[in-house]
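Data block below; observations after.
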Amino acid sequence: MSRGLLVLIGVLALIAVVAFSLVGKYNSLVGLQEGVDGQWSNVENVYQRRADLIPNLVNTVKGYAAHESETLEAVIRARAEATKVTVEATPENLNDPAFLQRFQQAQQGLSGALSRLMVVAEQYPDLKANQNFLELQSQLEGTENRIAVERRRFNETAQNYNTQIRRFPASVIAGMFGFDKRAYFEAQEGTEKAPEVKF
């Protein structure tokens, strides 16, 4: 076998190794990106669960606190606003920190409205003892815990993806094929302060 042919085979083998490495890295980034999108779906799923439970909770409270219409309407409005932002969520929006902040603000508004509703419920002893209300309250509490877990998982998945697209040589492939950084959920302003309890 001639020396020229050996060099040619060596060059072709090197090109094949580099090509397989690039394809493997590209596929790895695709998998990580899909992981972030899938985890976002889990976040939306638990927010949707909360939104689905709210009409039942409001109807249960209505029966006991009919004159608390302002609070009940505020909850319904907040739910509609939060659901509207959820529908706009797309994988492209997940690259936009401003979108995630708007989404979080809408959900935060719903959380605030639910807190006011729970205060109303505390004022009605019959309602507090109602089995349906207790069940819904328990479901909402479980949902809030699920939201916290899924948001943490989303941030972990996004962090893994963001780390990978910044590392060499994946950063080159990410730049060539448009793998953009994903935004994180961040704590709302003021949440670093513990709530003050007054009697």
Side-chain angles (χ1 to χ4, degrees), residues 1-52 78-112 142-194:
M1 196 176 291
S2 71
R3 182 180 171 138
L5 184 59
L6 286 175
V7 170
L8 179 63
I9 291 172
V11 169
L12 289 176
L14 182 63
I15 291 173
V17 168
V18 170
F20 280 121
S21 176
L22 290 176
V23 168
K25 189 56 77 178
Y26 175 84
N27 288 339
S28 170
L29 291 180
V30 169
L32 291 172
Q33 191 178 47
E34 287 298 317
V36 175
D37 293 343
Q39 187 53 44
W40 175 255
S41 297
N42 291 340
V43 171
E44 282 192 319
N45 184 41
V46 287
Y47 276 120
Q48 184 62 51
R49 174 187 163 87
R50 179 170 73 168
D52 292 344
R79 177 189 178 272
E81 191 65 29
T83 305
K84 186 172 71 177
V85 175
T86 301
V87 171
E88 295 172 359
T90 63
E92 291 78 26
N93 285 338
L94 296 181
N95 299 339
D96 182 8
F99 168 78
L100 270 191
Q101 192 172 15
R102 282 197 311 275
F103 178 85
Q104 194 169 354
Q105 283 174 347
Q107 297 299 333
Q108 200 70 22
L110 183 55
S111 295
T143 300
E144 295 298 323
N145 289 335
R146 288 180 181 146
I147 287 171
V149 168
E150 295 301 341
R151 283 176 48 172
R152 179 179 53 78
R153 287 179 180 162
F154 174 81
N155 277 350
E156 289 172 353
T157 308
Q159 181 187 20
N160 186 31
Y161 167 78
N162 289 338
T163 302
Q164 290 298 322
I165 65 169
R166 291 183 61 198
R167 284 188 175 153
F168 185 80
S171 59
V172 176
I173 297 169
M176 288 171 55
F177 293 101
F179 288 92
D180 296 320
K181 184 180 176 186
R182 294 299 169 91
Y184 296 108
F185 275 108
E186 294 178 358
Q188 293 283 306
E189 281 186 33
T191 52
E192 70 278 6
K193 297 177 186 169

Subject >> Residue pairs fulfilling ring-ring contact (aromatic ring centres under 6.0 Å, His included) with at least one residue in residues 3-23, sequence neighbours excluded >> reply: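 Applying ring-ring contact (aromatic ring centres under 6.0 Å, His included) to every pair that reaches into residues 3-23, excluding sequence neighbours, yields nothing.
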Original post:
Under 3.5 Å, is there a donor-acceptor pair between the side chain of E150 and the main chain of Q39?
Top reply: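 Looks like no, no N/O pair under 3.5 Å.
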Under the rule for side-chain contact (heavy atoms from CB on, under 4.5 Å), what residues qualify as partners of [X], not counting sequence neighbours?
X: V11; answer: V7, I15
X: V149; answer: R152, R153
X: A98; answer: D96, R102

Please output the side-chain donor-acceptor pairs of residues 160-174 that fall under 3.5 Å, not counting sequence neighbours, one pair per line with the distance.
residue, atom, partner, partner atom, Å
Y161, OH, D180, O, 3.0
N162, OD1, R182, N, 2.9
N162, ND2, A158, O, 3.3
N162, ND2, R182, O, 2.9
N162, ND2, Y184, OH, 3.2
T163, OG1, Q159, O, 2.7

Original post:
Should the ring pair F154 and F185 be called parallel, tilted or perpendicular, given that the plane angle runs from 0 to 90° and is split at 30 and 60?
Top reply: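 Ring orientation of F154 relative to F185: perpendicular.
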Original post:
Can you list the residues that meet the salt bridge (charged side-chain N to carboxylate O under 4.0 Å, His left out) rule with R50, with sequence neighbours excluded?
Top reply: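 Salt bridge (charged side-chain N to carboxylate O under 4.0 Å, His left out) check on R50 returns E144.
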Original post:
Can you name the nearest heavy-atom pair linking A183 to P97, along with the distance?
Top reply: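 Looking at all heavy atoms of both residues, the closest pair is CB-CA, 3.6 Å.
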Test of understanding: with side-chain hydrogen bond (donor to acceptor under 3.5 Å, both in side chains), list the residues that count as partners of [X], not counting sequence neighbours.
X: T157; result: none
X: Q33; result: none
X: N155; result: none

**OP:** Would you check if V30 and F179 make a side-chain contact, meaning some heavy-atom pair closer than 4.5 Å?
**Re:**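 Yes; the side chains approach each other to less than 4.5 Å.
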